Amino acid sequence: MPKQSKKRSLRHNMVHCLKCNKPQKCISVHLRRVCMKNNMPEEQATELAEMKDSARLWILESRTWEYKEICEILPHKPSRIALLKAILQRGFLVNNPPHEGDLSDAPAPSSSPAASISEATSSTTAAVSSEPDSSSDPDAGPSDPTWQKDLPAVTTKVRTKMQAAGLYKKFSGDAEVIKDFKKYLSVDLDVTNCQQEVDNVARFLRYMQPTGDVPTLDFLKKSTDTRDFFQDLKNTDMTAATILNYIKNILHFVDYLRNRLALVATNSEFRNQCQAYKELVETLRKAIFKTNSKDSLSTRYQRFVDGTRSLRECQEVLRVAEKEFLHIFGMLINKDSAKVSAQQRTYYRYYLEAILVLRHFQRPGAVEGMSVYTVREWLDRKPVDNVRVIGISNHKTATTQLASFAISQEEEAWFQPYYKHIRPGFIGDLDSCDRFFTSAKGTAVSSVTNDLGRMHESQVANEICVLIYKVSNVTSQEVRRIAQTEVDSTFTTSQKEGVARRYMAQRYMAHTTAVAKTHYRMLDPASVVQTAVLLGKLSGCSPQRASQTDEASGQQEDRTFDSFIAAFPVTNDGRPPSQKQRTDAGFSPDRTFCDKWRGLQYVNRRRYLLSHFQMRKPAAGSVSRAIAKEGWQTNHPSADEVVKMWRPASRENVEGDKHVINSVDRQKWKGVAIKDFGGEKGLGVVATRQFARGDILCDYHGEVITAKKGNKKMPSINDQAGYMFFFTFREKHLCVDAQSDYCKCHPQLETVGRLINHSSKRPNVKPAACLLNINSKDTTVILFKALGDIKVDEELKFDYGVKRKSFRGEGLDLQWLEE
Ligand SMILES: C[S@@+](CC[C@H](N)C(=O)[O-])C[C@H]1O[C@@H](n2cnc3c(N)ncnc32)[C@H](O)[C@@H]1O
């Protein structure tokens, strides 16, 4: 272990995990994530207490040996002395040891058989611990490249092999380029939890450059070493999926080099090198991808050989556990909620999660991401007939995806006591918590998959007995696959077509990124319900089952919420009222309205942020800065969400946008520059940054005169025909006369827009007239908007309107207008 990290570990109170026998910096986290991830929290707590006691006991009693005891155990003196030396070396304390001279009687530890075993072990340990041991690190999970939540044993094996093969060494996170890469991921790309990606790249760079403290970019020239790297990863038995992850990370890193490092802009050789390297890695990726597909084929084949369960069998746990669940439900709604034990509360939550996964075929990520107050989620569930449709906007997976499903009123009635009685106890004072499902401490549910596993295997104690469900576990993926197969085989074509076509069932269940992109067709609540009814038939339960809730109560609630908002107006910088304020004002002490209040604030804040960026689609980094400037810590959209929600501004919005007004007034437009193309074409305008569709780039600046006046000028200005912009706006026929290089209002500035050249076949910007209030004067302005994405260095062109009747350039020598 390098000195630094050893020193750091020494500052922690290390406790040995008695399951894996490894010292752990944070034993509770370790148990929860690794050794006891399939146990109930209460079981974890008991083990934790025992492990801590054991650690204390070891210090109190076991670290110190009486030499006499050792003599009794090991009468053979040379072995004993060898053992004594070894244990002293390991920090044991020995009372009444033999004299110094006696110690030399024994051979050195390494020469005895026992010692050679210990040496072999310790040399392995030395190799293993030449890097910080992530298995003992509570944060090891996300930052470890071999981290697989469900496969701790394999993980450790792969990791050990990686360490032995020198693949685990990495550059320090303090190295400039690594630090900056991390910043690029987290700030520019808004990647949360990017540590694993950074570590993977730091390991890759270390492999490619075994010496030196500062990573260089020489790896771009090392194609053989790059191939070797992936081959070595493969040799550690790492799965193809994990190797593909490495590849993705390395490609991100190369992108980072291309985008971020200033030298790229000027050094075309370096840019080409990056491109060539990306192509090499892409080729390797294709080969590995094939292996990955083969792997998954063989898994599927294995499933086929093992036999497939029916959907009903997959949902078995919901049936066997229903009795206990309803028992808890009864206590909750009969005002006996105080009697519900902590374990029963957690169990209740597991059951609800299982309903969503097993009966509504939701991915665990969607269940984990379900939130209480954003516009589309729990509080905004939509009634359709007797059913409630819930939309989820934010998956807890790498890509944000959308899901929607319909629950019956009966199920809604089961969720409500969780929301009203269990969740508030879980989240306590955590006002900022927006998650619907939370752990007993109010933190995010770390893995719905694990919760499902516990439901299947666990022992649940009620006040009378311990229930043991011996139902074999099922994954969410398996349930969805089986449901899809049953849809295909059970329903007639007309049922599939008439009620919910196959693609709809897929959408209901799978909601992959591709589906998310087209989901708006699916989000129609009526079609969600239709699909849910169809799918419900497979397992014999329809979401339109009898209701236990009062339809009118929802409406009642909404009316009272209006008065709540009137009493506590939603502001961007305010906080929802405290429980005392709520009750003082005559409202219920429960959190429902507060959550709704926060939901509105969230939406207002998102709107407010979007209003900053009317002119141009923002980069995630700029949004993050805007959020930081507001000082909002919680209850705000992520930068990524704001970027995704951005839409080109309408004319009305543009007219009120102070950034646009300012830019026209000062004639300062960022991201556009004049370029001399030489020849007849002469000057033109190019983009110096990327633009997205709808972005405003600049205006066509000049003196606005009537079209009549402009027409009068035309015959005398043959050469300058291209600088007269005729247009009709709000029923007025006008013309911008931009003949002069320097206009009257900006005598020092050569304005840009007037120099944009023509193309009728491939225009990338479009002029649009609007009225801006500049210095208290209404001024008609022609703004150029991007028609699509525009790359750096791309020339801006707009259609001069040659083919239109209104074109005024007839008779002029304008051959280029054919373009
Ligand atoms: C508004 S100006 C554009 C700026 C102009 N290129 C310059 O150097 O000042 C219009 C004039 O540019 C030239 N032009 C515009 N589009 C062109 C094209 N696609 N190819 C060649 N010349 C073009 C024509 O001479 C036209 O009269």
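Numbering of residues begins at 1 and proceeds along the displayed sequence. Fair warning: this is a prediction, and the values are worked out from it, not measured in the lab. Whatever order the structure lists them in is the order used to number ligands and atoms, beginning at 1.
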| field | Non-hydrogen atoms of G173 and K179 that approach each other most closely | value |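 Closest heavy-atom pair between G173 and K179: O-CG, 3.3 Å.
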| field | NZ/NE/NH1/NH2 to OD/OE distance under 4.0 Å, K278 and D255 | value | yes
| query | Is the shortest distance from a Lys or Arg side-chain nitrogen in E703 or K709 to a carboxylate oxygen in the other one below 4.0 Å? | reply | no
| request: Under 4.0 Å, heavy atoms only, figure out whether ligand 1 is touched by the backbone of R754, its side chain, both or neither. | output: backbone
| request: Just let me know how F677 lines up against ligand 1, side chain, backbone, both or neither, with a heavy-atom cut-off below 4.0 Å. | output: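 For F677, no heavy atom sits under 4.0 Å from ligand 1.
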So, is [X] polar-close to ligand 1, with some N/O to N/O distance under 3.5 Å?
X: E680; answer: no
X: Y700; answer: no
X: I756; answer: no

| said: Both conditions, 6.0 Å and 45 degrees, for the charged tip of R754 above the ring of Y723: are they met here? | reply: yes
Give the atoms of ligand 1, by number and element, whose distance to some non-hydrogen atom of [X] is under 4.0 Å.
X: L683; value: 4 (C), 5 (C), 6 (N), 7 (C), 8 (O)
X: Y723; value: 1 (C), 2 (S), 4 (C), 5 (C), 7 (C), 9 (O)
X: G682; value: 8 (O)

| Qualifying residues under side chain to side chain contact (heavy atoms under 4.5 Å, CB included), relative to K617, sequence neighbours excluded | V643, W646, A692, D695
| query | Residues two or more places apart in sequence or in another chain: which of them pass side chain to side chain contact (heavy atoms under 4.5 Å, CB included) with L205? | reply | F171, I178, V201, P215, F219, F253
